[in-house]
Participant: 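Okay, here's the structure, questions in a sec.
Chain identifiers are assigned alphabetically (A, B, ...) following the order of the sequence lines, protein sequences preceding nucleic acid strands; residue numbering begins at 1 within each chain. If you're wondering where the values come from, they're calculated on a predicted model, not measured in any experiment.
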Amino acid sequence: MSRAGCALVTGGSRGIGAAICRGLAADGWPVAVNYRSSAARAQEVVAAIEAAGGRAVPIEADVSDPQAAQPLLESASQALGEQVLVLVNNAGVRADNLALSLTDEDWKLVLDTNLGATYRLTRSALRAMIRARFGRIVNIASVVGPRANAGQANYAASKAAVIAFTKTVAVEVARRGVTANAVAPGLIETEMTEGIPEDLLGRVPARRPGTPEEVASAVVFLASPAAGYVTGSTLYVDGGLSA
Amino acid sequence: MAQHTSVQIEKVITDSLISFGANAEDINRDAELTALDIDSLDLAELSQIIEEQFGVELTGADVAEITTVGDAIDLVAERA
């Protein structure tokens, strides 16, 4: 099934982002795979999508740069020949430490990337979406934020703010056919979650970590026309951790 | 810069207001935007349309000054 418009996934070269790119492409969206430094891995994602019959392009941009949002959206539109009508704000970083030991640099890095980039890209992408009377913003949050996690005060603050931002955007643009939702992954097997203590798994009712593909499935649904009446929500993909 | 007549500007603004749900018969220069049920999201989109059509960038402060349809037409005509 082909779609009108294209999708942009930030941080799409690996982990959850790569799975989201593959999932959206399989659902018919041409996909712009944004990456900051892993060009080779972004190219691998693109190659996998093309091998499966989809369309994708890699696009380099550091989304924590305040000037990056508009050029990134324009590059995606030009490369794919479609307006960006699905935006997945997935790029995220961690710089963990106890709150009393956090540096201002660690705070700024995490907030600028996880929250600042989400805000700037959403603001820019909404212009085309409200004119098209269709748009899908999907922001990748986390169970950390609504829940505490010692050592991640900056990350938790950024992800809780992403959820609050998502809800407000949702009500602002709902009547233009544009939805905004958050997906909150729990413990997912990726490079970013390496080093998380095994005993955390014991707290997950499903007793296993999730997969990037399970998170991607939630994003694909929220991006689809079928999810047109779902907006302002946070979909937890966490094996029951938040239940 | 291309010159745009008030008639052209009025047409674009009127068409936009209708597309936002305003009744065509209620639209005239003296009509207040709030009475036409035009809200801040509509005005944000109208600003985009004006920028695309006439190359006129309206700031939030500019938009806040607009009360009537005539205010909008005059503001754009002044800068186009």
Side-chain angles (χ1 to χ4, degrees), chain A residues 4-6 8 66-67 69-78 81-87 89 116 118-137 139 164-181 228-233, chain B residues 1-2 4 8-27 31-69 71-73 75-77 79-80:
Chain A
C6 69
L8 167 64
Q67 307 304 320
Q70 190 59 35
L72 173 55
L73 285 160
E74 286 170 8
S75 297
S77 292
Q78 283 168 12
E82 307 265 8
Q83 289 183 314
V84 174
L85 298 184
V86 175
L87 170 65
N89 286 303
T118 296
Y119 149 65
R120 289 185 293 269
L121 277 158
T122 299
R123 179 183 60 178
S124 294
L126 281 174
R127 292 173 64 92
M129 293 178 183
I130 64 170
R131 297 296 301 282
R133 301 294 190 265
F134 178 91
R136 297 284 187 266
I137 307 277
N139 295 326
F165 174 74
T166 304
K167 288 180 178 181
T168 301
V169 169
V171 301
E172 287 179 355
V173 297
R175 64 199 171 81
R176 291 291 198 271
V178 179
T179 67
N181 293 286
Y229 204 58
V230 182
T231 195
S233 70
Chain B
M1 183 188 291
H4 300 281
Q8 288 173 310
I9 294 166
E10 185 171 347
K11 179 170 175 19
V12 168
I13 290 176
T14 301
D15 289 350
S16 300
L17 297 178
I18 292 168
S19 78
F20 302 151
N23 289 322
E25 58 267 31
D26 295 337
I27 300 174
E32 294 195 357
L33 296 176
T34 49
L36 296 172
D37 208 18
I38 298 300
D39 69 5
S40 56
L41 178 62
D42 299 324
L43 287 173
E45 187 174 346
L46 180 63
S47 298
Q48 256 183 263
I49 293 168
I50 286 168
E51 190 179 335
E52 288 165 13
Q53 298 275 326
F54 305 116
V56 173
E57 208 168 318
L58 298 180
T59 65
D62 293 330
V63 172
E65 294 291 309
I66 298 172
T67 303
T68 65
V69 174
D71 291 343
I73 294 166
L75 179 64
V76 179
R79 300 192 187 175

Participant: Holding to side-chain contact (heavy atoms from CB on, under 4.5 Å), I want the full list of residues that pass it with A31(B), two or more places apart in sequence or in another chain.
Facilitator: N28(B), L36(B), V69(B)
Participant: Is it the case that the side chain of E82(A) and the backbone of G5(A) share a donor-acceptor pair, with hydrogens and angles ignored and the cut-off at 3.5 Å?
Facilitator: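 Yes, because the side chain of E82(A) sits within donor-acceptor range (under 3.5 Å) of the backbone of G5(A).
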Participant: So between chain A and chain B, what donor-acceptor pairs come in under 3.5 Å?
Facilitator:
residue, atom, partner, partner atom, Å
R127(A), O, Q48(B), NE2, 3.1
R131(A), NH1, E52(B), OE1, 2.6
R131(A), NH1, E52(B), OE2, 3.1
R133(A), NH1, E45(B), OE1, 3.1
R133(A), NH1, E45(B), OE2, 2.8
R133(A), NH2, E45(B), OE2, 3.3
R175(A), NH2, D39(B), OD1, 2.5
R175(A), NH2, D39(B), OD2, 2.2
R176(A), NE, E45(B), OE1, 2.6
R176(A), NH1, D42(B), OD1, 3.3
R176(A), NH2, D42(B), OD1, 2.7
R176(A), NH2, E45(B), OE1, 2.9

Participant: So, for F54(B) and V12(B), which heavy atoms are closest and what is the spacing to 0.1 Å?
Facilitator: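 Taking every non-hydrogen atom into account, CZ-CG2, 3.6 Å.
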Participant: Would N89(A) and L87(A) satisfy side chain to side chain contact (heavy atoms under 4.5 Å, CB included), going step by step from the backbone distance to the final call?
Facilitator: CA-CA 6 Å; N89(A) 286 303; L87(A) 170 65; 3.5 Å; yes
Participant: Considering all heavy atoms of both residues, which atom of L85(A) and which atom of A132(A) are nearest to each other, and what is their separation?
Facilitator: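 Smallest heavy-atom distance, with atoms named: CD2-CB, 3.9 Å.
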Participant: Checking N139(A) side chain against T166(A) main chain: does a donor-acceptor pair fall under 3.5 Å?
Facilitator: no
